[in-house]
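Structure first, commentary second.
Each residue takes its place number in the sequence, starting with 1. Since the structure is predicted, the reported quantities are computational estimates derived from the model, not experimental observations.
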Amino acid sequence: AAPGRAGTARFLAQHNTWGFVATRAARGKIQGMPYGNCLLLSDGPIHNSTGIPFFYVTPKDNTVTDLLKNPMASLTLPEADGNFCRKNVIDPEDPRCARLTLTGQMVTVPPEEVEFAKQAMFSRHPVVRKWPRSYEWFFMKMNIEHIWLQSW
């Protein structure tokens, strides 16, 4: 990995297999309120990391319903699996464990990128191939507009 803050951000984007996605609720009594959910992600096959988070999602998920109405979201990637926190037996929520927050628009992956998105997700999460097809799974990615790294 590259040294410094950029290297830390790239490390978190490459090595996290899940993240916390925050949206603005688009339904019912919580419409307009913040809403969050953990989603599996991949920024590419392990030896072809892109820094762009890809997701395999279903419209049955409230988070996806929100994103289809308002694509703006934030994605937080914790250093939960990083060497520093594990080696020093530090809780991942401790401020000394880095966190990367990406904000931008979540969009459906265009047809010309679907094969790459499949390779990205299925290589890191093989079990998703077995998820029920009736859930109408599709791929989304985040077009990153802002990056915030908390690394104390």
Please determine if D43 and R124 form a salt bridge, counting it only when a charged side-chain N lies under 4.0 Å from a carboxylate O. yes
Working to the nearest 0.5 Å, report the span between OG1 of T76 and CG of L102. 8.0 Å
Minimum side-chain heavy-atom gap H15-L77 below 4.5 Å: no
Kindly determine whether T101 and Q150 satisfy side chain to side chain contact (heavy atoms under 4.5 Å, CB included), including the steps that lead there. CA-CA 8 Å; T101 300; Q150 177 182 332; over 6 Å; no
Over all atoms of both residues, closest heavy-atom pair of F138 and P59: CE2-CD, 3.8 Å
Separation between OG of S74 and NE2 of H146, rounded to the nearest 0.5 Å: 11.5 Å
Tell me, with the steps shown, if V57 and L67 meet side chain to side chain contact (heavy atoms under 4.5 Å, CB included). CA-CA 11 Å; V57 296; L67 292 169; over 6 Å; no
Parallel, tilted or perpendicular, as decided by the 30° and 60° cut-offs, for the rings of W137 and Y135: parallel
Would you check if N16 and P78 make a side-chain contact, meaning some heavy-atom pair closer than 4.5 Å? yes
Near-ring test F122/Y56, centroid separation under 6.0 angstrom: yes
Is there a path from V107 to F116 through hydrophobic residues (I, L, V, M, F, W, Y) whose side chains come within less than 4.5 Å of each other? no
Can you check whether L39 reaches V64 side chain to side chain, under 4.5 Å on heavy atoms? no
Y35 with F20, same ILVMFWY side-chain cluster at under 4.5 Å: no
Rounded at 0.5 Å granularity, tell me how far CD1 in I147 sits from CZ in R5. 11.0 Å
Check: G104 main-chain N/O paired with N143 side-chain donor or acceptor under 3.5 Å: no
With a 4.5 Å limit on heavy-atom distance, are the side chains of M106 and M72 in contact? no
What are the two closest non-hydrogen atoms of K141 and P110, and how far apart are they? CE-CD, 4.5 Å
Would a single hydrophobic cluster contain both V114 and W131, if residues Ile, Leu, Val, Met, Phe, Trp and Tyr are joined by side-chain heavy-atom contacts under 4.5 Å? yes
Does I144 have more than 12 heavy atoms from other residues, nucleotides or ligands lying within 6.0 Å of its CD1? yes
Treating Ile, Leu, Val, Met, Phe, Trp and Tyr as nodes and any side-chain heavy-atom pair under 4.5 angstrom as an edge, say whether M142 and L68 lie in one connected cluster. yes
Quick one: closest heavy-atom pair of P126 and S123, and the distance? CD-O, 4.3 Å
For residues P53 and G51, report the shortest heavy-atom separation together with the two atoms involved. CD-O, 3.5 Å
For N62 and N37, test the side chains for any donor-to-acceptor distance below 3.5 angstrom and give the result as yes or no. no
For the CH2 atom of W18 and the CG atom of L75, what is their distance to the nearest 0.5 Å? 10.0 Å
Given side chains that start at C-beta, do those of F139 and E113 come closer than 4.5 Å, heavy atoms only? no
Looking at CZ of R10 and CG of L149, how far apart are the two atoms once the value is rounded to the nearest 0.5 Å? 11.5 Å
Could you walk me through whether W148 and R99 pass side chain to side chain contact (heavy atoms under 4.5 Å, CB included), step by step? CA-CA 8 Å; W148 182 68; R99 273 180 232 119; 5.6 Å; no
Does any N or O in the side chain of H125 come within less than 3.5 Å of the main-chain N or O of L41, such that one atom is a donor and the other an acceptor? yes
Heavy-atom side-chain proximity of T17 to L40 below 4.5 angstrom: no
Pairwise side-chain contact, L100 with T8, heavy-atom cut-off 4.5 Å (strictly under): no
Distance from F54 atom CZ to K118 atom NZ, nearest 0.5 Å? 13.5 Å
What is the minimum heavy-atom distance between G32 and R24, and which atoms define it? O-CG, 3.4 Å
Is a side-chain N or O of S49 found less than 3.5 angstrom from the main chain of P45, in a donor-acceptor match? no
